Amino acid sequence: MAPKHIGSGNQEVILQVRQVSQALKSVYLDPGLIDSSDLAGKTGEDLEKRMLSRALTAQAVRIVTGFSPQEAALTVIDGIADKGIDAIAVVDGPDPHVYLVQAKWSKDGKAKGEREAVWELLAGLRLIDDEDFAAFNPRGRQLAEFAKAVMTKAPTKVTQVAVLMRADEVSEGFRHALIDGEKEFNRYEKVLGHRIILAPEVWASVREDLAPRPVQLTADLFPWFGVSVPYESYQGVVGAKQVAQWLEHGVDLFSLTIRNPLGRTSTNNELIGTLTEEPDSFWYFNNGITVLCESVERTHQAIRYPQARPITLTLHKASIVNGAQTVRSVAEAVGADANAADARVGIRIIVTGNAVEFATRTIQATNRQNQVEPRDFIALDPVQGAILEEMRAELGLEYSVRRSELDPTEDTGCSVVEAACALACAHPDSQYAARMATTLDVLWERGSQGIYDVLFRPQPSAYLLWNSVQILREVRRTLHAVRSGYEGRGSALTEHGLYLLTHLVFRRLDTESIDEPDPKQDWATAAVQQAPALVKEILPAVAGAIDELYGERSQIRAVCADIARCREVASRVLRAAAASESLSAPDKYRRDPVQRKPRRPNSIHVLVDKRVLEEGAPLVLTTAYALEAEVLKDWLAQDKKRGRASWTNHRTKPILWAADGKQYSPSGLITRMWELAEWEQRPVANQGTARWVTETGETLADLAWRVLGELEEPDEDEPAHTPRD
């Protein structure tokens, strides 16, 4: 996705500088690509400025040459005896070119274009032209010699590159200094030119680095047929081995689809079984793949009767928009069993060119044939793509929009589901916390009565979104920790009141700066520390308010899902908080410490019987247990599939592990993982349901508690316990 254009103004420049700074650190400084051996005495802001200037130099080299970050970093010679040149980049070959780069970093986006700097660069070029290489530092000497060798071998263009972190155009004096200096070298032919790169172009380049790479696929079809109008299209059969190779492009292969492959499911296991055991039958049992591409190149193997022989199609800017599960299954099967490579897969290819609207309609139409949720179509909203870019550029975090097994772990990002829940809670009006208390489907409703546009129009900043998610997670963790200490209506509130309680926590926090740029996450750190105490203070106050307003026979779940009642409860609690520094409501639903908690039904049975999770719903291993997380960290890092699974509605083995495609009980899988990781001091038992997290951020244990609460809580007009006959 191309970077969005933002207008002029100091705030926009600061945003660009901040995102460029984050990108330069991530690409060049954190991996140690930029040499800092000569800066041993520098510290703090001075050191950071020098290093960012060198990284900016490397990025400018990438812009003009297309070098990789590693190659660009090796061209930087900034330091003692650089002779006014920050980088010497040499492009050898049939069209040789030498770039002499000078960079000026400014954290305020106000880098100055100084004529003196131009004169220094020109002086360095004279040294190269005169073969006076000894004046340069060691790396500069090598690159200067290489540049001169290329320049004497064939006519070579030389370009002065000035990269300045500023948005405003440079002064005429600076520009004329460049032009006037070129006259000395262009007496006989035009050899020397210049290029000025300003902050918006640097910003666009780092945003482009974060965008999905265009995918080019090769498809050999036979048999096949083609359609030329109104859109060029092809339909036929392609080999499973070739389809498996496409998965090397990773998630970019599915850039236009409304959902990524959902990982291992029982359906996928059936596909894999057919591929490995009956490869000849696969074409008959599978609906095939639909691919959209921007353009296509055709290679026929026959001139007179082309359809009598295979056709090779090269698809440019291709994306699989339907059949992602098929592709993933084919790749896994081919990797596991050579027989699967002989299977044939049906394919349809549509060349959409620049017809964006038609492409969108095609994506929607091809996916209506399968089970698709309203959330899936949110993936087509450009705002979500922009948020994804902002999250990466500002905070280096992932943001998943499409339903996928690749939802980020807690420390690496969040999903659109969790983000929407958090933003709804953070909204000043409690109605949104109430409306999603029963079902999250309302989050994706559009129009005047919908929630989606309220949350995502205008586009929320990466900081507002991520800070909100952090608070929602901390409230959920706190409720999980205190839940066993409550009984009756208090316990019901910990289960059904998550969103209302989170909303009230937001209202009690100082959220004035929640939307402000804060790369160090100072606001979130302070707010997360305050959240547990606020939850413990607000929970009894909310329970008391509900009892006073609606009676002790009212249904907690119904109150938390009622817009008018939520507003009334929130108003009462907030008024009480405003009247005093703290809420001192009686905590009358606290459990007696000596009272034993009644044994509840098997949580997995409830989740399966009530079909709470859909087949194939993604699950991620939680890192909430510090010791376990530390022990498993390296083992999990060796294969990302080890920390991922999917749900299947099986009463004893509902967890389908992505790493081996086998089904386990939640606790059984954790035990198996401990064994494979060779954790010698592992515990004897574990609570597996507390270790697998759904895409909403709830563990299976949390989800089961909520559902069980709904089953056990009486209606308002019914007694708490119905006597048996």
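All figures in this text were calculated on a predicted structure; none of them were measured in a lab. Along the sequence shown, residues carry numbers from 1.
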Using side-chain hydrogen bond (donor to acceptor under 3.5 Å, both in side chains), reason through Ser205 and Gln59 one step at a time and then give a plain yes or no. CA-CA 8 Å; Ser205 73; Gln59 186 66 19; 3.0 Å; yes

So, are [X] and [Y] salt-bridged, with charged N and O less than 4.0 Å apart?
| X | Y | value |
| --- | --- | --- |
| Arg446 | Asp453 | yes |
| Glu474 | Arg477 | yes |
| Glu389 | Arg207 | yes |
| Arg62 | Glu208 | no |

Check whether any side-chain heavy atom of [X] lies under 4.5 Å from a side-chain heavy atom of [Y], and answer yes or no.
| X | Y | value |
| --- | --- | --- |
| Phe506 | Pro428 | no |
| Val569 | Val542 | yes |
| His316 | Leu217 | no |
| Thr439 | Val442 | yes |
| Thr622 | Trp692 | no |
| Pro408 | Tyr399 | no |
| Gln431 | Cys566 | no |
| Val383 | Arg457 | yes |

Partner residues of [X] under the side-chain hydrogen bond (donor to acceptor under 3.5 Å, both in side chains) criterion, sequence neighbours left out:
| X | answer |
| --- | --- |
| Arg166 | none |
| Lys25 | Glu48 |
| Asp252 | none |
| Glu398 | Arg392 |

So, for [X] and [Y], which heavy atoms are closest and what is the spacing to 0.1 Å?
| X | Y | answer |
| --- | --- | --- |
| Ala462 | Leu395 | O-CD1, 3.9 Å |
| Glu410 | Trp466 | O-CH2, 3.5 Å |
| Ile320 | Gly323 | CG2-C, 4.2 Å |

Pairs in or reaching into residues 514-535: which pass ring-ring contact (aromatic ring centres under 6.0 Å, His included), with residues at least two apart or in two chains?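 Output for this query is empty, none listed.
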
Donor-acceptor under 3.5 Å ([X] side chain, [Y] main chain):
| X | Y | value |
| --- | --- | --- |
| Asp562 | Arg565 | yes |
| Asn467 | Val469 | no |
| Ser430 | Ala433 | no |
| Thr57 | Ser53 | yes |
| Asn322 | Ile289 | no |
| Ser319 | Val321 | no |

[atom1]/[X] to [atom2]/[Y] distance, rounded to the nearest 0.5 angstrom?
| X | Y | atom1 | atom2 | result |
| --- | --- | --- | --- | --- |
| Leu479 | Leu539 | CG | CG | 6.5 Å |
| Cys425 | Leu498 | SG | CG | 6.5 Å |
| Glu614 | Thr694 | CD | OG1 | 11.5 Å |
| Cys421 | Leu472 | SG | CG | 6.5 Å |
| Thr696 | Met436 | OG1 | CE | 10.5 Å |
| Glu418 | Glu695 | CD | CD | 10.0 Å |

Worked verdict on Glu169 versus Ile196 for side chain to side chain contact (heavy atoms under 4.5 Å, CB included): CA-CA 9 Å; Glu169 289 295 332; Ile196 300 172; 5.9 Å; no

Is there a donor-acceptor contact under 3.5 Å linking the side chains of [X] and [Y]?
| X | Y | value |
| --- | --- | --- |
| Gln470 | Gln521 | no |
| Ser571 | Arg567 | no |
| Glu516 | Tyr463 | no |
| Gln22 | Glu394 | no |
| Thr409 | Asp411 | yes |
| Thr699 | Asp702 | yes |

Chi angles and distances behind the side chain to side chain contact (heavy atoms under 4.5 Å, CB included) call for Leu700, Trp647: CA-CA 10 Å; Leu700 293 176; Trp647 176 265; 4.0 Å; yes

Can you list the residues that meet the salt bridge (charged side-chain N to carboxylate O under 4.0 Å, His left out) rule with [X], with sequence neighbours excluded?
| X | value |
| --- | --- |
| Glu201 | Arg195 |
| Glu45 | Lys107 |
| Lys317 | Glu294 |
| Asp168 | none |

Residues two or more places apart in sequence or in another chain: which of them pass ring-ring contact (aromatic ring centres under 6.0 Å, His included) with His427?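 By the ring-ring contact (aromatic ring centres under 6.0 Å, His included) rule, His427 matches Tyr432.
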
Can you sort out the partners of Tyr452 under ring-ring contact (aromatic ring centres under 6.0 Å, His included), two or more places apart, ordered by chain and number?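 Here the qualifying residues are Phe456.
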
Begin from the C-alpha positions of Ile451 and Glu445 and carry the test side chain to side chain contact (heavy atoms under 4.5 Å, CB included) through to its verdict. CA-CA 6 Å; Ile451 296 181; Glu445 293 177 359; 5.8 Å; no

Pairs involving residues 527-536, ordered by first then second residue, that meet salt bridge (charged side-chain N to carboxylate O under 4.0 Å, His left out) (sequence neighbours left out):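 For residues 527-536, and leaving out neighbouring residues, there are no salt bridge (charged side-chain N to carboxylate O under 4.0 Å, His left out) pairs at all.
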
Using the salt bridge (charged side-chain N to carboxylate O under 4.0 Å, His left out) rule, take Arg557 and Glu495 through it: C-alpha gap first, then chi angles, then the decisive distance, then the call. CA-CA 9 Å; Arg557 174 166 55 93; Glu495 295 166 15; over 6 Å; no

Could you walk me through whether Leu253 and Val327 pass the side chain to side chain contact (heavy atoms under 4.5 Å, CB included) check? CA-CA 10 Å; Leu253 182 61; Val327 174; 4.2 Å; yes

